[in-house]
There are 2 protein chains.
Amino acid sequence: MPHQLDAPTRLAVSTVIFTLRPGAAGRAVLWTPLVRRTREPQLGLWALPGGWLPVNEELEVAAARTLRATTGLAPKYLEQLYTFGEVNRSPDARVVSVVYWALVQSDEAARAAAGPNVRWVPADTLPGLAFDHNRIVEYALWRLRTKVEYTEIAHAFLGGTFTLAELREVYEAVLQRSLDPANFRRTMIASGRLRETGEFQAGAAHRPPKLYRYDPSATRTADDREPFQSERPAS
Amino acid sequence: MPHQLDAPTRLAVSTVIFTLRPGAAGRAVLWTPLVRRTREPQLGLWALPGGWLPVNEELEVAAARTLRATTGLAPKYLEQLYTFGEVNRSPDARVVSVVYWALVQSDEAARAAAGPNVRWVPADTLPGLAFDHNRIVEYALWRLRTKVEYTEIAHAFLGGTFTLAELREVYEAVLQRSLDPANFRRTMIASGRLRETGEFQAGAAHRPPKLYRYDPSATRTADDREPFQSERPAS
DNA sequence: TCAGCTTACAGTCGTGTTGACCAGAAGGCG
DNA sequence: CGCCTTCTGGTCAACACGACTGTAAGCTGA
């Protein structure tokens with residue numbers, strides 16, 4: 001056992017943050033911010049945003065706070081991912097990390113601050129990160145891709161109103177495959193959670209598409225909702 | 001803020017344990033073991049099995065250990081559920097609990113030890129528990145019922161071999177609704193994860209049913225498996 | 001101005017899944 | 001040996017969903 005017996009287990013909160021950025025092949029790709037470690041252990045390596053849990057702060061609030069500290073943004077979706085507590089995941093002391101994952105609006109993230117100690121990277125081709133953070137991001141990616149298929153979190157990447165093509169681009173970027181526009185329209189309308197705004201998005205060289213708004217109150221049965229998962233957490 | 005500023009946050013591991021027992025209406029019901037608190041706070045109240053996390057023990061091992069301590073059993077399924085860390089969930093200090101949920105084999109659980117400080121209760125009609133443990137059990141129940149529908153964890157309640165009727169009873173007990181025997185057979189066989197043992201269960205006053213065995217290696221694609229979730233954890 | 005281009009949007013068709021239902025098989029029991 | 005039970009295999013219709021076709025409606029450029 002590598003730790004001092006009298007050293008207590010330390011509790012940290014980290015957050016995997018996702019946003020979308022335009023990609024080369026016309027399809028958007030997932031990006032995530034990393035922070036450079038400014039102290040030992042693993043000084044200089046890139047790691048997930050996070051920090052020690054203050055005694056009087058809620059877990060979710062701590063996650064949102066570190067998210068704001070590194071990106072200047074408020075999450076549009078924030079959910080607990082998993083708690084990582086392997087005995088040897090940190091070389092110095094026993095550290096248990098409660099990890100959250102978050103989605104932030106893409107156009108806001110484009111204006112996000114990125115200093116010398118904050119760096120955005122494509123989530124699918126990460127550099128070698130500190131501790132077990134590569135594995136954590138991979139798990140968060142798996143959860144995002146799984147959850148996009150059976151919930152309505154995709155709109156968290158977009159603004160208040162969006163076209164069906166924009167929403168489809170989000171799905172295609174997350175799922176990494178093309179979707180038939182007509183079928184996509186049918187299933188999204190059938191979900192009952194989209195409301196037409198009555199407005200259209202003009203300016204493009206084709207027929208102007210309708211603008212929709214996400215309506216969380218619509219046709220949602222009680223038993224498919226998850227307990228205590230807030231979709232719009234207080235930042 | 002009710003806590004002393006210098007008191008550190010304490011880290012606990014608790015486990016929600018489920019098994020099946022024969023019920024009145026012919027349908028089995030879910031039972032869970034509780035332990036009586038032997039010290040303050042909430043002394044005398046019933047609570048989930050658990051304890052403080054030792055510095056050198058893995059989270060999952062700690063969960064399996066407390067499970068063994070209260071039931072004398074090894075889990076056939078063990079998975080992390082959620083981490084509960086509300087600032088005021090414990091009146092004395094800040095306590096963050098990493099909660100696991102487990103399934104134990106029903107016939108083994110029937111022989112499980114139950115002393116004056118261990119009590120098995122139906123999981124759907126709990127008494128008032130200590131702290132936020134009622135909410136935790138409710139969430140574990142929701143997760144069990146959700147996960148039974150898209151995974152193959154139901155066999156964890158049964159022994160090595162079982163009939164399709166026994167397996168169907170498990171599903172009916174967990175989902176709390178009747179299932180058509182013929183359709184149930186079709187979907188289970190189509191899943192490809194059941195193997196005939198070649199033996200039959202004799203002795204009943206009807207046609208003897210085939211005995212099956214669960215085969216986890218069969219026809220499982222790589223991307224529907226969850227990362228680092230062990231189905232047969234080391235006890 | 002008008003052909004032509006692009007995307008929005010609507011509908012059809014075939015397939016696979018799933019629930020409801022039916023019928024024969026194969027044991028034990030009176 | 002009839003009769004009960006459950007086991008087991010099958011059909012049928014409703015539905016969801018992917019592939020595909022066709023029309024609508026804007027903008028652009030010659």
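Convention: sequence-line order gives letters A, B, ...; per-chain numbering from 1.
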Salt-bridge present (B:R193, B:D215; N to O < 4.0 Å): no
Ring-ring centroid check A:Y139 A:W101, cutoff 6.0 Å: no
d(NZ, A:K210; P, D:dA24) in whole Å: 15 Å
Atom pair distance, as rounded to whole Å: CZ in A:R185 and P in D:dA24: 16 Å
Carboxylate-amine/guanidinium contact A:D107 A:K76, below 4.0 Å: no
A:T163-A:R168 side chain donor-acceptor pair, cut-off 3.5 Å: no
Residue met sooner reading DNA chain C from 5', once B:T187 and B:A182 are mapped to nucleotides: B:T187
Separation of C:dT17 C1' from B:E149 CD (nearest whole Å): 15 Å
Parallel, tilted or perpendicular, as decided by the 30° and 60° cut-offs, for the rings of B:F131 and B:H133: tilted
Base of D:dG18 paired with side chain of A:R186 (donor-acceptor, under 3.5 Å): yes
Nucleotide nearest B:P209 when distance is taken to its side chain, options C:dA8, D:dC7, C:dG19: D:dC7
Distance in angstrom units between B:I189 CD1 and D:dG10 C1', rounded: 15 Å
Between C1' of D:dC17 and CG of A:L179, the distance in whole Å: 12 Å
NZ/NE/NH1/NH2 to OD/OE distance under 4.0 Å, A:E60 and A:R65: no
Separation of C:dT12 C1' from A:D180 CG (nearest whole Å): 13 Å
A:H155 and A:Y214 aromatic ring geometry - parallel, tilted or perpendicular at 30°/60° bounds: parallel
Atom CZ of A:R213 with >12 non-hydrogen neighbours under 6.0 angstrom: no
Any residue of residues 164-178 of chain B with a heavy atom less than 4.0 Å from an atom of DNA chain C: none
What does the list of N/O pairs under 3.5 Å between the protein and nucleotides 27-30 of chain C look like, with a distance for each?
from, atom 1, to, atom 2, distance (Å)
C:dG27, N2, B:A205, O, 3.0

Between P of D:dT6 and CZ of B:F184, the distance in whole Å: 17 Å
Under the ring-ring contact (aromatic ring centres under 6.0 Å, His included) test, residues paired with B:F184 that sit two or more places apart: B:Y171
Between C:dC9 (P) and A:F200 (CZ): distance, integer Å: 7 Å
